[in-house]
Amino acid sequence: MKKIRANSFVLERPGTTIRLAREFRFCYGVERAIDLDYAARKVFLEAQFCLVSEIIHNPLVNEHIAALGILNLLDESGRPKVEDLQPDDVVIVPAFGLEISLMEQIRQSGCRIVDTTCGDVMSVWRRVRKNAEEQVTSIIHDKAADEETRATVSRAIGDGAGHFLVVFDVEEAELVCERIRGGGNRAVFLEKFSGKYSEGFDPDIHLARIGVANQTTMFRAKTEAVQRLLPEAMLARDGHTKISGVSTRFAVPPRTTRML
């Protein structure tokens, strides 16, 4: 291993090239989540333990968790079946958190909750809630169907008046920038981002003031590329004088192990 690292992380042999990843381990949030699971299992020895999703997206770790007798409540649709939870059950909230409505449903069951939500994830939640309070639309660099995304967007609407738009990559961010500058077709834009924006979102209204947030496991360089594009589009539309006079927010996302 040391020899490969010393050789720019590459080992060459006839007919074979081995490339070693420069970074590989769990981030602190995942390590904390796993530790909490094992500790809680020791405390509540007789209780039925339930997961509302995979604790992390790692097959080996999830096999070990299942071996502890911890049940996964995900059904065939990919959504957790929480209707039958009992007060004596123990429910584990995964490192990437849960949607507000689902968390409330779990609380109403009266069961005990082990919340392993990562601090970096909650930092993003605070950011998008603040955006909603200030009527700033959250542009979220994320995968729209991801569990962490669903948890984040449920907070991005605040008390109901907030808005969000999810962009997956630089190409989608460039489409947003085009719309900010007044280009593109509104109907085509909304069709392109179908299922990726808040109810009532209007690009002609809700792209006036924007803030950037991200899924904490998206690569840092890609999030930063999105961040660079959006202010440039705002400046092209509003000019330096106007943009400096409004509270348009460009948030720096928290750093995690995978954000390289």
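Please read all numbers here as calculations on a predicted model, not as lab measurements. Along the sequence shown, residues carry numbers from 1.
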Could you tell me the separation between the OG1 atom of Thr16 and the CZ atom of Arg13, rounded to the nearest 0.5 Å? 9.5 Å
Working for side-chain contact (heavy atoms from CB on, under 4.5 Å), residues Tyr197 and Thr137: CA-CA 10 Å; Tyr197 50 77; Thr137 298; over 6 Å; no
Okay, side chain of Arg209, backbone of Asn131: is any donor-acceptor separation there less than 3.5 Å? no
Heavy-atom closest contact (Arg181 atom, Ala236 atom, distance): CD-CB, 3.9 Å
Within a reach of under 6.0 Å around CZ of Phe168, are more than 12 heavy atoms found that belong to other residues, nucleotides or ligands? no
Report yes or no: do Val128 and Ile157 belong to one cluster of Ile/Leu/Val/Met/Phe/Trp/Tyr joined by side chain heavy-atom distances under 4.5 Å? no
Determine whether a donor-acceptor pair (N or O, by modelled atom type, separation under 3.5 Å) exists between the side chain of Gln86 and the backbone of Asp84. yes
Any chance CD of Glu104 has more than 12 other-residue heavy atoms, nucleotides or ligands included, within less than 6.0 Å? yes
Spacing of CD belonging to Glu191 relative to CG belonging to Asn185, to within rounding of 0.5 Å: 11.0 Å
side-chain contact (heavy atoms from CB on, under 4.5 Å) between Thr117 and Trp125: does it pass, once the steps are laid out? CA-CA 11 Å; Thr117 305; Trp125 293 352; 3.7 Å; yes
Please examine the side chains of Phe164 and Asp142, heavy atoms only from C-beta on, and report whether any two atoms are closer than 4.5 Å. no
Could you pull out the closest heavy-atom pair between Arg155 and Ile100, with the gap in Å? CG-CD1, 3.5 Å
What about Val93 and Ile70, same hydrophobic cluster or not, with Ile/Leu/Val/Met/Phe/Trp/Tyr joined at side-chain heavy-atom distances under 4.5 Å? no
Is there side-chain contact between Ile210 and Ile180, with heavy atoms separated by less than 4.5 Å? yes
In terms of heavy-atom contacts, Glu178 and Gly184 come closest through OE2-N, 3.7 Å
Heavy-atom donor-acceptor pair, Arg228 side chain to Pro231 backbone, under 3.5 Å: no
Mind running side-chain contact (heavy atoms from CB on, under 4.5 Å) on Lys222 and Asp169 for me, showing each step along the way? CA-CA 7 Å; Lys222 293 184 177 181; Asp169 53 23; over 6 Å; no
Arg32 side chain to Cys118 backbone, donor-acceptor under 3.5 Å: no
To the nearest 0.5 Å, what is the distance between CG (Leu207) and CD1 (Ile139)? 5.5 Å
Would you sort out whether Val91 and Val82 count as a side-chain contact (heavy atoms from CB on, under 4.5 Å), showing the intermediate values? CA-CA 9 Å; Val91 174; Val82 299; over 6 Å; no
Ion pair check, Lys130 and Glu134, cut-off under 4.0 Å: yes
Do Gln105 and Leu85 come within less than 4.5 Å of each other through their side chains, counting heavy atoms only? no
For residues Phe96 and Ala151, report the shortest heavy-atom separation together with the two atoms involved. O-CB, 4.0 Å
Measuring only between side-chain heavy atoms, which start at C-beta, is Pro94 closer than 4.5 Å to Val52? yes
Taking the side chain from Arg179 and the backbone from Gly183, do they hold a donor-acceptor pair closer than 3.5 Å? yes
Looking at Ala145, is its backbone amide N or carbonyl O close enough to the side chain of Arg150 to form a donor-acceptor pair, meaning the two atoms are under 3.5 Å apart? yes
Spacing of His206 atom NE2 and Ser138 atom OG [to the nearest 0.5 Å]: 12.5 Å
Heavy-atom side-chain contact between Met103 and Ile113 under 4.5 Å: yes
Grouping I, L, V, M, F, W and Y whenever their side-chain heavy atoms are under 4.5 Å apart, do Ile140 and Val212 come out in a common cluster? no
Neighbour count above 12 (heavy atom, 6.0 Å) for Arg186 CZ: yes
In Å, rounded to the nearest 0.5 Å, how long is the span from CD of Glu171 to CG of Leu229? 9.5 Å
Can you check whether Ala95's main-chain N or O pairs, donor with acceptor, with Thr116's side chain at less than 3.5 Å? yes
Joint hydrophobic cluster, Leu175 plus Met234, side-chain heavy atoms closer than 4.5 Å: yes
Could you tell me whether the side chains of Thr223 and His141 share a donor-acceptor contact shorter than 3.5 Å? yes
Phe193 vs Val166 side-chain heavy atoms within contact, under 4.5 Å: no
Can you tell me if Thr149 uses its side chain to pair, donor with acceptor, with the backbone of Lys143 under 3.5 Å? yes
What are the two closest heavy atoms between His163 and Ser198, and how far apart are they? ND1-OG, 2.7 Å
Side chain proximity check, Val10 to Thr17, heavy atoms < 4.5 angstrom: yes
Would you say CG of Asp204 has more than 12 non-hydrogen atoms from neighbouring residues, nucleotides or ligands within 6.0 angstrom? yes
Counting only heavy atoms not in Glu83, do more than 12 sit closer than 6.0 Å to its CD atom? yes
Please report the shortest heavy-atom distance between Ala47 and Arg112, naming the atom on each side. CB-NH2, 3.6 Å
Any chance you could measure Leu230, atom CG, to Cys177, atom SG, to the nearest 0.5 Å? 4.5 Å
hydrophobic_cluster_shared for Phe201 and Ile205, side chain cutoff 4.5 Å: no
